[in-house]
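Computation of the quantities below employed the complete heavy-atom set of this structure, encompassing side-chain atoms and omitting hydrogens, waters and symmetry-equivalent molecules. Each ligand, and each atom within it, is numbered from 1 in the order the structure gives. Note that the structure is predicted; figures quoted are calculated from it, not measured.
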Amino acid sequence: MAQSFDICIRGAGVVGRTLALLLARERLSVALVAPPAPAGTGPDVRAYALNAASRTLLHSLRCWPDAAQATPVQRMQVAGDQGGEIAFDAADQGVEALAWIADVPALEARLHEAVRFQPLVEVVAAPVPAPLTAVCEGRASRTREEFGAAFDVTPYPHHAIATRLACEQAHGATARQWFAPDGSILAFLPLGGADGRQVAVVWSVHPQQAQELLALDDAAFAARLQQASGGALGALRTEGARAAWPLQQARARQWCGPLATGGGAAASWVLAGDAAHNVHPLTGQGLNLGLGDVQALAEVLAAREPWRSVADLRLLRRYERRRKTALLPMGLATDGLQRLFSLPQEPWQWLRNQGMRGVDRSGPLKHWMARHAMGTP
Ligand SMILES: Cc1cc2nc3c(=O)[nH]c(=O)nc-3n(C[C@H](O)[C@H](O)[C@H](O)COP(=O)(O)OP(=O)(O)OC[C@H]3O[C@@H](n4cnc5c(N)ncnc54)[C@H](O)[C@@H]3O)c2cc1C
């Protein structure tokens, strides 16, 4: 007899795998759809800034990478385009770290291993019928389209280039970010532990500039990064590949709905992670929000009355409302910052730099911003 599942998860990225493990922990049986990666797909060059809430969640699933691959951020320095500056310090906030910079391949490897040893999760090559289908296919999800969920997309005039750098000077467990007058945003995220000399780079630039930067040889590209970072970490050498992503803000209008089953038992679909929302990476929040989604979804399903099916739309709408509310402040802040720093002319330049100085001096507002970014508001 064919095996039956409570939930079919389509998409085995970090969000889909985390959801599978959370649901299995609730004794639900899961089919995780993970078609083989296309030939020639290399390891992800990115490193994610993950907040305390994401770390606790991944720790609880035994999927948190080793210390060398999850560097705690003790300080964060953000520089405006006209002398504005904000600095955050973990000690001032009374926390162990402001965030952790997790190596993406290491995190993915942990999740793969955990799924492999979880008997209630079966990895399958194609979708299978189940009362609930969770769509975790990322921003270009085909299934979201197939299910008719409207996805409102606003493209940003930015592509993000990611790579790794070896630096002459140690990063000192500090994450650094520079907003430039042309609207570009450069971030150096510390890797390799507190004394490391390697950083992960996310450089959001106009698409044309991205093409130009991607075409440079390694030495010329490193020289451009050294210039853009004002030589903050001394001489730089690129390590590993360069990859680029077009950026967009996006929101699904509906996060759940019924599925036609041809007269069988009720079935539903639900969205999570980048399939439901996309934000600019300048605040390093996309995956943190996605992990917040799957934690909330697992909690809502676990708390259901015993007679209620996981496909019950009242449950799924509860999840949708909870996550839409949680997403609002971070989505608005990220989008607002991107827009404010993309206006080249006065008085915006003056205003944003003054604003940064003001926030830097204002204890309560700065504390509030730090707590939200850390996922502990
Ligand atoms: C440059 C950059 C830097 C970032 N930095 C940060 C950061 O510092 N902190 C942070 O929190 N976030 C960051 N993000 C955001 C983060 O990358 C995303 O939010 C996160 O990857 C979303 O995870 P996901 O699992 O929802 O989607 P994805 O990572 O896109 O995974 C989706 C998975 O589904 C699979 N799939 C797609 N279609 C199908 C299908 N039809 N059937 C089956 N499987 C399918 C894909 O192959 C993939 O494995 C960054 C993003 C970018 C672009």
**Q** Whether Glu320 and Arg318 form a salt bridge (side-chain N of Lys/Arg under 4.0 Å from carboxylate O of Asp/Glu) is what I want to check.
**A**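 Answer for the salt bridge query: no.
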**Q** Please check if the number of heavy atoms outside Arg308 that lie under 6.0 Å from its CZ is greater than 12.
**A**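 More than 12 within 6.0 Å, yes.
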**Q** Please classify the Arg142 to ligand 1 contact at 4.0 Å (heavy-atom distances, strictly less than): side chain, backbone, both or neither.
**A**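 Side chain only.
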**Q** Would you mind telling me if ligand 1 is within reach of the side chain of Tyr48, the backbone, both or neither, using heavy atoms under 4.0 Å?
**A**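 Both the backbone and the side chain of Tyr48 come within reach of ligand 1.
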**Q** Ignoring hydrogens and geometry beyond distance, is a side-chain donor-acceptor pair present between Asp293 and His277 at under 3.5 Å?
**A**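 The criterion, which ignores hydrogens and geometry beyond distance, is satisfied for His277 and Asp293.
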**Q** Residue-level breakdown please: for Val14 versus ligand 1, do any non-hydrogen atoms fall below 4.0 Å on the side chain, on the backbone, on both, or on neither?
**A**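 For Val14, the contact with ligand 1 is made by the backbone alone.
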**Q** Heavy-atom distances under 4.0 Å decide this one: backbone, side chain, both or neither, for Arg46 against ligand 1?
**A**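 The side chain, only.
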**Q** Looking at Asp103 and Arg46, is any side-chain nitrogen of the basic one under 4.0 Å from a carboxylate oxygen of the acidic one?
**A**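 Between Asp103 and Arg46 there is no salt bridge, as every charged N stays at least 4.0 Å from the carboxylate O atoms.
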**Q** Do the side chains of Glu96 and Arg55 get close enough for a salt bridge, i.e. N-O under 4.0 angstrom?
**A**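 A salt bridge is present here (some side-chain N lies under 4.0 Å from a carboxylate O).
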**Q** So between Ile9, Leu271, Leu287, whose heavy atom ends up nearest atom 15 (C) of ligand 1?
**A**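 Considering heavy atoms of Ile9, Leu271, Leu287, the nearest to atom 15 (C) of ligand 1 sits in Leu287.
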**Q** Give the residue, atom name and distance (to 0.1 Å) of the protein heavy atom nearest atom 48 (C) of ligand 1.
**A**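 Answer for atom 48 (C) of ligand 1: Gly13 N, 4.3 Å.
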**Q** Between the side chains of Glu113 and Arg17, is the shortest nitrogen-to-carboxylate-oxygen separation below 4.0 Å, so that they form an ion pair?
**A**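 The answer is no: the pair does not qualify as a salt bridge.
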**Q** What protein heavy atom sits nearest atom 41 (N) of ligand 1, and how far off is it?
**A**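 Ranked first by proximity to atom 41 (N) of ligand 1 is Glu137 OE2, 3.2 Å.
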**Q** Can you find a non-hydrogen atom of Pro35 under 4.0 Å from ligand 1?
**A**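 Yes.
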**Q** Please say whether Arg10 places an N or O atom under 3.5 Å from an N or O atom belonging to ligand 1.
**A**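 By distance alone, the answer is no.
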**Q** So, does Gly290 sit close enough to ligand 1 that a heavy atom of it is under 4.0 Å from the ligand?
**A**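 Gly290: no contact with ligand 1 (<4.0 Å).
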**Q** Which of these, Gly16, Ala49, Gly138, has its nearest heavy atom closest to atom 28 (P) of ligand 1?
**A**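 The residue whose heavy atom sits nearest atom 28 (P) of ligand 1 is Gly138.
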**Q** For Phe188 and Trp178, I'd like to know if the aromatic rings sit close, meaning centre-to-centre distance below 6.0 Å.
**A**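 That pair passes the under 6.0 Å test.
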